[in-house]
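In what follows, a single structure is set out as structure tokens and then discussed.
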Number of protein chains: 2
Amino acid sequence: MELNERKMTILKAIVRNYLETGEPVGSRTISKFTDLNLSSATIRNEMADLEELGYIIQPHTSAGRIPSDLGYRIYVDAMMVEKTKEVEELKVSLLEKEERLDHLLKQTAKLLATNTNYASMVSAPSLHRNKLKLIQLSRVNDTQLLVVIVVEGNVIKNRLLDITEDINEETVLKLNILLNTHLNGLSIEEINLGMITNLKKQAGIHSDIVAEIIDEVAKAIHEEEDLEIYTSGANNIFKYPELADNKNASEIISNLEEKKALNELVVKTLSGDSDTGIQVYIGNESPVDTMKDCSIVTATYDLGDGMKGTIGIIGPKRMDYEKVVDNLKGVMKELDSIYKK
Amino acid sequence: MELNERKMTILKAIVRNYLETGEPVGSRTISKFTDLNLSSATIRNEMADLEELGYIIQPHTSAGRIPSDLGYRIYVDAMMVEKTKEVEELKVSLLEKEERLDHLLKQTAKLLATNTNYASMVSAPSLHRNKLKLIQLSRVNDTQLLVVIVVEGNVIKNRLLDITEDINEETVLKLNILLNTHLNGLSIEEINLGMITNLKKQAGIHSDIVAEIIDEVAKAIHEEEDLEIYTSGANNIFKYPELADNKNASEIISNLEEKKALNELVVKTLSGDSDTGIQVYIGNESPVDTMKDCSIVTATYDLGDGMKGTIGIIGPKRMDYEKVVDNLKGVMKELDSIYKK
DNA sequence: GTTAGCACTCATATTAATCGAGTGCTAACC
DNA sequence: GGTTAGCACTCGATTAATATGAGTGCTAAC
């Protein structure tokens with residue numbers, strides 16, 4: 001037995017219907033819903049086949065059918081038609097130019113949540129392959145030295161170093177020039193041990209401080225490895241009864257708050273690649289154990305210079321995949337264009 | 001009829017019991033629970049009085065009594081005994097030294113939530129009265145100028161300015177000196193229009209940029225007015241059935257996520273003053289409309305230099321007020337000592 | 001292959017019956 | 001006077017019994 005065209009049509013109708021209503025769908029409904037002109041009895045036969053093939057499930061004997069994870073998968077992979085019309089307009093108005101990346105990303109998360117009515121997450125771009133743009137040292141007072149590190153993409157990091165040895169303004173200036181001459185334009189990988197030794201040598205009696213500064217540069221860039229993640233719309237999950245029970249809701253909220261699990265998701269999304277950049281995890285496919293009742297759709301955005309991040313939507317398995325995908329695509333595009341401005 | 005000592009004892013016993021069990025408490029329970037050696041019938045008479053006085057409520061005819069908001073209030077104001085012993089030890093181990101304030105505050109929120117089993121919030125300190133410690137200008141490239149602003153308390157702000165006129169390194173250095181000589185050590189209020197005019201004059205052809213920089217200084221400090229607020233333990237509310245229903249939970253989660261309402265709470269807490277620094281809002285007393293079923297306990301921490309912030313706990317009305325107050329006090333103390341290190 | 005028809009299933013809703021914790025009140029007691 | 005034993009009463013919660021109806025699977029006929 002194979003999934004012929006008629007079965008496909010029926011499966012598609014079942015999924016569509018279930019996405020809308022959230023109720024198990026029966027044979028009579030499909031009989032009317034499709035233009036196949038088949039009686040409910042015939043549909044019933046086909047549905048029995050579809051169940052045997054594993055695409056749909058009967059919650060209990062006298063109920064209609066709901067899609068299985070596999071059913072959703074087929075739908076998403078082969079039957080879904082993207083809309084790509086109205087969505088685009090929606091966002092443009094909302095994502096304002098915002099010089100601070102973190103504000104922009106928070107806004108993005110909020111926008112996604114509002115537009116889709118699901119929970120959303122946005123990860124700050126990983127700086128992994130980023131180049132150092134500028135190091136700036138300033139003497140704050142006798143005991144503190146401020147190190148400002150700017151990396152490509154205008155991400156700025158600050159470190160306040162406690163200093164023991166006395167360093168005057170001129171020395172700070174010298175060190176500043178030394179470091180910038182040698183390090184600017186280099187990626188973290190390019191700053192190797194040989195270079196560090198060389199720098200330390202040139203710094204003479206201040207080699208300790210230089211070492212400390214380089215350490216801070218590495219830390220500042222590396223620290224982003226435990227990614228900043230912004231979430232929004234957590235309360236949206238209460239709109240979907242299948243997720244709103246205490247156990248589920250508590251776990252999802254906890255995940256959104258803790259962000260540990262989301263981190264995994266980001267890593268997985270960034271490492272995996274699909275041609276469209278969109279990845280869909282349905283139910284058990286989820287990399288996050290406590291979200292087996294959810295579907296997660298993620299996308300990778302790319303601001304150039306290796307600044308990649310993840311945006312994602314978390315909702316019930318019966319989410320409006322078309323809408324979600326469209327929204328994610330739209331936001332990706334939007335982020336792109338804002339950055340290029 | 002007045003609230004004599006015996007009535008107080010009974011009321012206290014009712015509140016205590018209800019805090020523990022979450023169930024309406026009956027006369028027989030109190031008869032056994034207290035050392036008054038009174039029969040349940042007598043207790044019943046007293047309870048009828050307490051109800052008439054408005055301190056307790058009968059959910060329905062054949063149920064025991066639960067404290068009213070007023071009952072809780074009396075309890076908190078007059079009957080509560082603080083423990084102050086075991087709690088202190090709990091925290092000390094957990095709040096590690098952390099050079100980044102935001103990390104420390106996030107950690108604090110988490111700690112409070114874990115210790116109390118309620119939701120928690122921690123606001124970043126308001127910088128309102130803070131003094132400028134350092135301005136640092138750096139030329140990033142031909143079109144961008146980096147402005148780093150350090151304020152007392154080592155809070156660091158960055159701004160990236162787009163520049164149109166060409167500015168060389170020497171000019172940047174000069175402006176740097178100019179600004180720092182005049183502005184360092186001043187609070188935002190002390191930087192008045194006369195001074196700004198003077199600075200602009202001295203900057204000559206670069207007065208536009210100076211104006212822009214001062215603008216950024218003001219903005220950087222002011223922006224903190226819409227406070228950064230960290231929350232934790234949102235999922236704890238699911239532990240309390242009276243808050244775990246969809247409507248309540250959704251609203252509370254939404255509040256914790258949006259943070260708008262919490263902001264009000266912070267403002268109110270910072271403006272109000274009590275001798276202990278602790279403020280308790282019970283049910284309807286809450287400044288946040290959507291949290292009428294909760295109690296909120298807040299405290300103000302003070303890192304010196306006018307850096308004040310708010311920490312708070314949000315939980316059911318039948319929260320363990322002693323424990324919460326102790327925890328808040330402990331954390332206040334802890335923040336204090338960490339900062340002084 | 002398709003369909004009408006019908007017996008069957010089972011979650012959900014409705015109603016009724018029972019239980020029991022806790023009350024209020026009365027009358028007796030100290 | 002305050003205190004208490006005793007008892008009828010209330011009412012939410014639990015359980016059981018009963019209906020409802022959406023939807024199925026199967027059979028037999030078209």
For this session: Quickly work out the A:I30 CD1 to D:dA22 C1' distance and round it to whole Å.
Result: 15 Å
Exercise. To the nearest angstrom, how far is A:E5 atom CD from C:dG1 atom P?
Worked result: 17 Å
Problem set entry | A:R44 side-chain proximity, nearest of C:dG5, C:dG24, D:dT4 | C:dG5
Exercise. Any side-chain donor paired with an acceptor under 3.5 Å for A:R16 and A:Y75?
Worked result: yes
For this session: May I ask you to evaluate whether B:R65 reaches the phosphate of C:dG24, defined as a side-chain N or O under 4.0 Å from OP1 or OP2?
Result: yes
For this session: Please report, rounded to the nearest Å, how far the P atom of C:dC10 is from the CD atom of A:Q58.
Result: 10 Å
Exercise. For D:dT4, does OP1 or OP2 lie under 4.0 Å from any side-chain N or O of B:S39?
Worked result: yes
For this session: Nearest whole angstrom, please: distance from the P of C:dG1 to the NZ of A:K7.
Result: 10 Å
Problem set entry | Donor-acceptor pair present, B:T61 side chain and D:dC11 base, under 3.5 Å | no
Exercise. Hey, what do you get for CD1 (B:I313) to SG (B:C294), rounding to the nearest 0.5 Å?
Worked result: 12.0 Å
Exercise. For B:R28 and C:dG24, what is the distance between atoms CZ and P respectively, to the nearest whole Å?
Worked result: 16 Å
For this session: Spell out, as yes or no, whether a donor-acceptor pair under 3.5 Å connects the side chain of A:E257 to the backbone of B:N235.
Result: no
Exercise. Within a radius of less than 6.0 Å around NZ of B:K260, do more than 12 heavy atoms belonging to other residues, nucleotides or ligands occur?
Worked result: no
Exercise. What is the distance from CG of A:N45 to P of C:dG1, rounded to the nearest Å?
Worked result: 11 Å
Problem set entry | Of the listed nucleotides D:dG23, C:dC25, D:dG12, the one nearest the side chain of B:H60 | D:dG12
Problem set entry | Of B:A41 and B:P59, the one whose closest DNA chain D nucleotide lies more 5' | B:A41
Problem set entry | Separation of atom CD in A:E52 from atom P in D:dT24, rounded to whole Å | 16 Å
